[in-house]
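Have a look at the structure below, then the notes.
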Amino acid sequence: MWNFGKTSGTALVIGTLLVALSGCQKQEGPAEKAGKEVDKAAQTVGKQIEKAGESIQDTAKGDKK
């Protein structure tokens, strides 16, 4: 009915591949870390510019927050 030898062999191969792949994850280097920090800073600045633009629009409309 069930072929447990084939099933357990497949599970063993998949498990081995998962362990091997998890050990191969590339570590972040200093350039990648710096790039992520630049991205975060750009997002923060973008949000601040958006808020400033909304404030200018509100002031132009006469709505002051």
Side-chain angles (χ1 to χ4, degrees):
M1 184 177 212
W2 290 94
N3 187 349
F4 288 108
K6 186 175 182 179
T7 304
S8 62
T10 302
L12 179 63
V13 169
I14 291 173
T16 302
L17 287 173
L18 289 175
V19 169
L21 289 175
S22 67
C24 293
Q25 290 180 352
K26 189 176 87 172
Q27 298 294 321
E28 280 187 3
E32 190 169 354
K33 289 178 183 176
K36 285 183 179 182
E37 291 300 318
V38 169
D39 289 344
K40 286 180 189 177
Q43 274 188 328
T44 301
V45 169
K47 287 178 184 177
Q48 291 173 344
I49 290 172
E50 187 176 333
K51 284 181 183 178
E54 290 172 358
S55 177
I56 291 169
Q57 287 179 349
D58 290 344
T59 301
K61 290 178 186 175
D63 300 333
K64 189 170 182 177
K65 289 185 178 180

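Please read all numbers here as calculations on a predicted model, not as lab measurements. Note that these values count all heavy atoms, side chains included, but never hydrogens, waters or copies made by symmetry.
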Partner of Ile14 by side chain to side chain contact (heavy atoms under 4.5 Å, CB included), out of Thr10, Leu17, Thr16, Leu12: Thr10

Identify all side-chain donor-acceptor contacts of residues 35-48 below 3.5 Å with residues at least two apart in sequence or on another chain.
residue : atom : partner : partner atom : Å
Lys36   : NZ   : Glu28   : OE2          : 2.2
Thr44   : OG1  : Lys40   : O            : 3.0

task: Check for a donor-acceptor pair, side chain of Thr59 on one end and backbone N or O of Ser55 on the other, with a separation under 3.5 Å.
output: yes

